[in-house]
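To start, the structure under review is shown below, and the notes come after it.
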2 protein chains.
Amino acid sequence: MGKTKPTMRNIAKAAQVSPTTVWMVIHNKPGIAPETAQRIWATIANLGYKVKPTANGGHGESVGLLIEQNSVPVISDVFYGEIIRGFQTEAERLGYHVVLSMFDRTTGNADVLNRGLAQKVSGFVVANDGDITPEMVIQLESLSIPIVLVENHIDEQRLPCVLGDNFMAGYQVTRHLLNLGHRRIALLHGPTKYSSLVDRLRGCMAALAEASLLIPTEWMPKPVSGHPLKGYVQMKEILEQTEYPTAVIAISDKTAFGAMEAIREFGLKIPDDIAIASIDNTLESAYTRPPLTTVNIPKYEMGVLALQKLHRLIQGEDTIPVKTIVYSELIVRESCGAAIPQSGDEPTHSG
Amino acid sequence: MGKTKPTMRNIAKAAQVSPTTVWMVIHNKPGIAPETAQRIWATIANLGYKVKPTANGGHGESVGLLIEQNSVPVISDVFYGEIIRGFQTEAERLGYHVVLSMFDRTTGNADVLNRGLAQKVSGFVVANDGDITPEMVIQLESLSIPIVLVENHIDEQRLPCVLGDNFMAGYQVTRHLLNLGHRRIALLHGPTKYSSLVDRLRGCMAALAEASLLIPTEWMPKPVSGHPLKGYVQMKEILEQTEYPTAVIAISDKTAFGAMEAIREFGLKIPDDIAIASIDNTLESAYTRPPLTTVNIPKYEMGVLALQKLHRLIQGEDTIPVKTIVYSELIVRESCGAAIPQSGDEPTHSG
DNA sequence: GTACCCTCTTGTTTACTAAACAATTCTCAT
DNA sequence: ATGAGAATTGTTTAGTAAACAAGAGGGTAC
């Protein structure tokens, strides 16, 4: 440790490689033997070289993960948790740091932008939708760094996004119920600000329309916000009417959980009196009583794909914005039974 | 030209570069100065070196483009022509040869496979859908070379595919007509074997269902095959009834052309008596009388994306199969007018 | 003190290579 | 004719030399 100033060229000399090789090691580019990399890292530590913190917080680049403030426990959330896990895993593989960033709906996105985070990050993924208005997206875009939406799309903006096949998911559950013979079907939908839930709803409606069915408005109650169990109030509303349906579609697993609670309280049996099916295939859905028939949305894969997409955008590839959609899959469990209820025009029971 | 045997090492010596460089030039890998490449190609020609024909027909790799036999003039076809143009352009950029291959529906795909084409090609794109049955796809997959579907998807098989946003396209036209006040809407759909047309149809139905509308079956005539003008017979069928709609949605531009012909023959004015809109935005659609309101499907971009996707699959990337969907856009022209027609029994607004 | 130009360093990129590797093909004693 | 070893092919990995861009420094003029 003489008077050698810590610079790339000096490290190169000390480690007996070329400056290029040192650079490649620091930026972990491919094509370096592990042992060489090891030696160079050692030399770097030895000479006390500080990797210059330009546009990133350490070595490698960083990507931002923008999530809603109100979903703070989002990492433990069953749906987004899986997505984030996939995202993080893939980030590690490609040598990115993931910088988590909250999003406060009351202040808009000014918060995020002002913190100067945008300067430190090569690209953003916006996970969880709803409160990302087109105006905010325009603001974010004005930073001219790549953005990828996850489980959200704003068609007017033509942004690259990664989605579950929500339309098909809705179509698939609905088809399933129709195939079982159900005709009197209720639908518990969600707030229209979530584009993914809207897509699911449209899938349901398309399937029903193909069977020349329309859901009566009284069987499509508006979602209520505030209640902890999302589908509970909606389901109650349906059950209070004179006639109730033979099957219910819940727009998400969580909604289904609330609805099941309401059905049980009302003294009806699932699936004998009312069949229920939903979309998400969260872990819990396999452990309800009865286990919930639902549609799998490959959450982990979506996280992986979101990072891959962002990576390519950062590399300047993928100049055509597209929706990247992962395949969904119907998971038949017990909440819809198997037999065809002979409901026809007359309800099997009345209120 | 002494006794130098034409081998990579000899070429390298003659051109005063390393064998590696020669290899890179032949396989057109990036990172070679154009002048150097030029010099090496000259030397190759000079010494009469034959690039060994392993797994490809010349230098660089090849990709197959599989299209239906009956659409032989597909290259000049307005829809697929654009896709193929994008595909070919991108192929050239990435150094692939495109091998065109017909697909005879009568013999199944045995033809393609037996010709040994599969051995010469690193991957396939299946353009144009309809007659690709799941069984054939399984056969193709058994070759274990990458496949990308264009404007077709088979959800059970989870294949990578590139699609227009057909669902949204259908949704958008329908919304447009609904926004103009139309409630009495007919729909000219296509054969269900074309998944893209099915998606468009579902988009239409979803939009209508959101407005609590169902299309009466007599306004959704079955498509007839055989007639040169696709929508002509279907439209006639509708016009022969006692009541006719105020608007017609055609599932494709071609269908719309036929329908317009039928409407004119019947002595009705477009858009005053009947509005018409469709999906495709083929070149001709701008030059009909009146110009056709339609939804643009970015065809060229789809071709580019299909090749990029195939390229990545060949590289062993993109292990998660996804639907890649390009954004569609409503193109408002004159075939729907602008005013709200006061025809039919429905007022402009319902309370 | 500060504005300006020139040089020199620092990180970065491009274009290329040495050497090892794998798969044939060739050679030659048996 | 045959099978072991040697040689020759194309291919891949792990690098490097040299050019380049953008600051940083440093001297000089005002």
Side-chain angles (χ1 to χ4, degrees), chain A residues 2-62 95-96 119-120 122 314-317, chain B residues 2-45 47-62 93 95-96 119-120 122 314-317:
Chain A
K3 60 199 166 174
T4 41
K5 213 176 16 159
T7 140
M8 277 194 182
R9 276 172 171 80
N10 287 338
I11 290 161
K13 203 173 284 178
Q16 311 198 59
V17 290
S18 75
T20 310
T21 309
V22 175
W23 183 85
M24 288 170 87
V25 166
I26 286 171
H27 296 260
N28 57 265
K29 303 283 169 189
I32 265 107
E35 35 156 338
T36 312
Q38 204 64 34
R39 195 173 76 237
I40 291 172
W41 278 120
T43 316
I44 286 170
N46 223 335
L47 298 192
Y49 179 76
K50 296 275 178 289
V51 174
K52 82 158 205 184
T54 52
N56 64 53
H59 71 281
E61 297 188 86
S62 303
Y96 286 102
Q119 263 76 52
K120 293 206 169 297
S122 318
I314 290 169
Q315 305 286 303
E317 303 168 28
Chain B
K3 57 195 166 160
T4 44
K5 218 179 7 160
T7 139
M8 278 196 182
R9 276 171 170 84
N10 287 338
I11 289 160
K13 203 173 285 179
Q16 309 198 59
V17 289
S18 76
T20 310
T21 309
V22 174
W23 182 86
M24 288 170 89
V25 167
I26 286 170
H27 295 260
N28 58 266
K29 302 285 169 187
I32 266 113
E35 34 157 337
T36 312
Q38 205 63 36
R39 195 173 76 238
I40 291 171
W41 277 122
T43 316
I44 286 170
L47 298 191
Y49 179 74
K50 296 276 178 287
V51 175
K52 84 161 203 182
T54 52
N56 63 53
H59 70 282
E61 296 189 87
S62 302
R93 201 177 69 78
Y96 286 102
Q119 263 76 51
K120 293 206 171 296
S122 318
I314 291 169
Q315 305 287 303
E317 303 168 29

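The figures that follow rest on heavy atoms only: side chains count, while hydrogens, waters and symmetry mates do not. Convention: sequence-line order gives letters A, B, ...; per-chain numbering from 1.
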Please give, in whole Å, the distance from [N] [atom2] to [X] [atom1]?
{"X": "B/Glu35", "N": "C/dT14", "atom1": "CD", "atom2": "C1'", "result": "12 Å"}
{"X": "A/Lys50", "N": "C/dG11", "atom1": "NZ", "atom2": "P", "result": "13 Å"}
{"X": "A/Ile44", "N": "C/dG11", "atom1": "CD1", "atom2": "C1'", "result": "13 Å"}
{"X": "A/Asn28", "N": "C/dT12", "atom1": "CG", "atom2": "P", "result": "13 Å"}
{"X": "B/Gln38", "N": "C/dA15", "atom1": "CD", "atom2": "P", "result": "15 Å"}
{"X": "A/Lys13", "N": "C/dT9", "atom1": "NZ", "atom2": "C1'", "result": "13 Å"}
{"X": "A/Ile40", "N": "D/dG15", "atom1": "CD1", "atom2": "C1'", "result": "10 Å"}
{"X": "B/Ile32", "N": "C/dT13", "atom1": "CD1", "atom2": "C1'", "result": "15 Å"}

Inset, instruction - Look up atom CH2 in B/Trp23 and atom CE in B/Met8, then write down how far apart they are to the nearest 0.5 Å. - result: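 Answer rounded to 0.5 Å: 8.0 Å.
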
Inset, instruction - Enter the distance from A/Asn46:CG to A/Trp41:CH2 here, rounded to the nearest 0.5 Å. - result: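 Atom-to-atom, A/Asn46:CG and A/Trp41:CH2 are 14.0 Å apart.
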
Inset, instruction - Taking only the side-chain nitrogens and oxygens of A/Trp23, find out if one of them lies under 4.0 Å from OP1 or OP2 of C/dG11. - result: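 No, no such contact exists.
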
Legend entry - Short side-chain N/O contact to C/dT10 OP1/OP2 from A/Tyr49, under 4.0 Å: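 Negative; the distance criterion is not met.
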
Legend entry - Counterpart residues, side-chain hydrogen bond (donor to acceptor under 3.5 Å, both in side chains), relative to B/Ser18 (two or more places apart):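 So B/Ser18 forms a side-chain hydrogen bond (donor to acceptor under 3.5 Å, both in side chains) with B/Thr21.
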
Inset, instruction - Locate the shortest heavy-atom distance separating A/Ile44 from A/Ile11; write the atom from each residue and the value. - result: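 Result for this residue pair: CG1-CD1, 3.8 Å.
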
Legend entry - Nearest atoms (heavy-atom pairs only) where A/Ala12 meets A/Pro19: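 Looks like CB-N, 3.5 Å.
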
Distances under 3.5 Å between protein N/O atoms and the N/O atoms of nucleotides 16-20 of chain D, please, pair by pair.
| from | atom 1 | to | atom 2 | distance (Å) |
| --- | --- | --- | --- | --- |
| D/dT16 | OP1 | A/Ser18 | N | 3.3 |
| D/dT16 | OP2 | A/Ser18 | N | 2.9 |
| D/dT16 | OP2 | A/Ser18 | OG | 2.8 |
| D/dT16 | OP2 | A/Thr21 | OG1 | 2.1 |
| D/dA17 | N6 | A/Thr20 | OG1 | 3.0 |

Inset, instruction - Decide yes or no for A/Val22 and A/Tyr49: does some side-chain heavy atom of the first lie under 4.5 Å from some side-chain heavy atom of the second? - result: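 When only atoms from C-beta onward are counted, A/Tyr49 and A/Val22 do not touch, as no gap falls below 4.5 Å.
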
Inset, instruction - Specify the residue among B/Ala33 and A/Thr7 whose closest nucleotide of DNA chain C lies further upstream toward the 5′ end. - result: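 Residue closer to the 5' terminus by nearest nucleotide: A/Thr7.
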
Ignoring hydrogens and angles, write down the donor-acceptor pairs under 3.5 Å from the side chains of residues 29-40 of chain A, residues two or more places apart or on other chains.
| from | atom 1 | to | atom 2 | distance (Å) |
| --- | --- | --- | --- | --- |
| A/Arg39 | NE | A/Ala15 | O | 3.2 |
| A/Arg39 | NH2 | A/Ala15 | O | 3.0 |

